[in-house]
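Since the structure comes first, as structure tokens, the remarks are kept for the end.
For reference, positions follow the sequence shown, starting with 1. All of these numbers come straight from a predicted model, not from anything done at the bench.
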Amino acid sequence: MGGRAQGITENQRKAAQLIWDHHHLRHETRPCDAAIALGCNDLGVSTYAVSLYKAGLFPTLVFTGGNSPATSSVFPRGEAVHFHEHALALGVPAHAILLEPNAANTGQNIAYARDVLTAADVRPRSVLLVTMPYMERRAFATCRKQWPEVEVLCASDPLPFDAYLKAMGDEKTVISMMVGDLQRVIEYSKLGFAISQYVPEDVHAAYESLIRDGFTDYLISS
């Protein structure tokens, strides 16, 4: 498998690649009134948000996220707190950053970040969501439901799938989280948490095959 992450079969890698590609929205990255970086177990989200800030794409950056079972050991003081500290270390001025340290899910990420922006007298007409690469679609669908009057764009570090697996170092966890994200894209619209998103047949088949193969650690009861 060369430089590819070990421990998964070629068929599993191909199925995961289909889901990875589906999660990417391929939005044009352009200036917005504010950015919201969603907390997770990947500090690269903060790094990429910093690069977009330094490129002049937004004047205000919100870091949002408390803790979850997937992140408490990595970021014990909370996702947003660690992301914020990382951004400051990389040279983002404190006045450009807003901190939201309490959100426990994507819906709260959006709702609480909106509240923090409003409290700071920032009322954006457009927002750029900065996420893990495989979280773009779910973040977009959630924000469109929670905040329909704002224009929503998504951005993530443009790493190829195999490179991301290698960087994260645990291919089964990453693929399981991708499968879990797709389940949420499918199910959360039925619960009123997000707008509906079309899932092509080949992507749905890949999703079902990975579930059969045991990539189920991050599935919810539905």
Enter the distance from [X]:[atom1] to [Y]:[atom2] here, rounded to the nearest 0.5 Å.
| X | Y | atom1 | atom2 | answer |
| --- | --- | --- | --- | --- |
| Asp115 | Leu98 | CG | CG | 12.0 Å |
| Arg138 | Asn105 | CZ | CG | 8.5 Å |
| Gln146 | Ile195 | CD | CD1 | 12.0 Å |
| Arg184 | Thr106 | CZ | OG1 | 8.0 Å |
| His95 | Thr60 | NE2 | OG1 | 9.5 Å |
| Asp157 | Asp42 | CG | CG | 7.5 Å |

Whether [X] and [Y] hold their rings parallel, tilted or perpendicular, with breakpoints at 30° and 60°:
| X | Y | value |
| --- | --- | --- |
| Trp20 | Tyr164 | tilted |
| Phe193 | Tyr188 | perpendicular |
| Phe58 | Tyr53 | tilted |

Heavy-atom distance under 4.5 Å between the side chains of [X] and [Y], does that happen here?
| X | Y | value |
| --- | --- | --- |
| Phe83 | Val45 | yes |
| Thr29 | Leu57 | yes |
| His22 | Leu18 | no |
| Arg77 | Glu85 | yes |
| Ile19 | Phe215 | no |
| Phe161 | Ile175 | yes |
| Val185 | Gln183 | no |
| Gln108 | Asn102 | no |

Practice prompt. Kindly indicate, with the supporting measurements, whether the criterion side-chain contact (heavy atoms from CB on, under 4.5 Å) is fulfilled by Leu182 and Val203.
Written response: CA-CA 9 Å; Leu182 184 54; Val203 175; 3.9 Å; yes

Worksheet entry | Lys14, NZ atom: more than 12 neighbouring heavy atoms under 6.0 Å |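 Atom NZ in Lys14 is not packed in, count stays at 12 or less.
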
Item to complete: Kindly check if the number of other-residue, nucleotide or ligand heavy atoms within 6.0 Å of CZ (Arg26) is above 12?
Response: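 Yes, the 6.0 Å shell around CZ holds more than 12 heavy atoms from other groups.
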
For [X] and [Y], work out which heavy atoms get closest and say how close.
| X | Y | answer |
| --- | --- | --- |
| Cys143 | Val150 | SG-CG1, 4.5 Å |
| Ser209 | Ala15 | OG-CB, 3.8 Å |
| Ser156 | Glu136 | OG-OE2, 2.6 Å |
| Leu153 | His27 | CA-ND1, 3.5 Å |
| Met132 | Cys40 | CG-SG, 3.3 Å |
| Thr131 | Ala139 | CG2-CB, 3.8 Å |

Okay, side chain of [X], backbone of [Y]: is any donor-acceptor separation there less than 3.5 Å?
| X | Y | answer |
| --- | --- | --- |
| Asp33 | Arg125 | yes |
| Thr216 | Leu219 | no |
| Lys54 | Gly91 | no |
| Glu100 | Ala113 | no |
| Lys145 | Ser189 | no |

Item to complete: Could you give me the CA-CA distance, side-chain angles and deciding distance for Asn109 and Ile36, then say whether side-chain contact (heavy atoms from CB on, under 4.5 Å) is met?
Response: CA-CA 9 Å; Asn109 285 140; Ile36 301 172; 5.7 Å; no

Discussion item. Between Tyr112 and Val122, is there shared hydrophobic-cluster membership here, with clusters defined by ILVMFWY side-chain heavy atoms closer than 4.5 Å?
Written reply: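 Result: no, two separate clusters.
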
Worksheet item: Taking it one step at a time, do Val127 and Cys32 satisfy side-chain contact (heavy atoms from CB on, under 4.5 Å)?
Response: CA-CA 5 Å; Val127 295; Cys32 289; 5.7 Å; no

Fill in: Partner of Asp21 under side-chain hydrogen bond (donor to acceptor under 3.5 Å, both in side chains), chosen from His23, His24, Gln17
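Running side-chain hydrogen bond (donor to acceptor under 3.5 Å, both in side chains) over His23, His24, Gln17 with Asp21 returns exactly one hit, Gln17.
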
Discussion item. Working note: His204 + Tyr207, criterion ring pair (Phe, Tyr, Trp, His ring centres under 6.0 Å); need CA distance, chi angles, decisive distance, verdict.
Written reply: CA-CA 5 Å; His204 206 280; Tyr207 163 74; 5.5 Å; yes

Worksheet item: Passes side chain to side chain donor-acceptor pair (under 3.5 Å), Ser126 versus Glu151? Steps please.
Response: CA-CA 4 Å; Ser126 59; Glu151 180 185 10; 4.7 Å; no

Practice prompt. Answer yes when Arg137 and Asp181 have at least one side-chain N-carboxylate O distance shorter than 4.0 Å, and no when they do not.
Written response: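 Asp181 and Arg137: not salt-bridged.
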
Worksheet item: What's the verdict on side-chain contact (heavy atoms from CB on, under 4.5 Å) for Trp147 and Val152, showing C-alpha distance, side-chain angles and the deciding distance?
Response: CA-CA 9 Å; Trp147 202 353; Val152 184; 6.0 Å; no

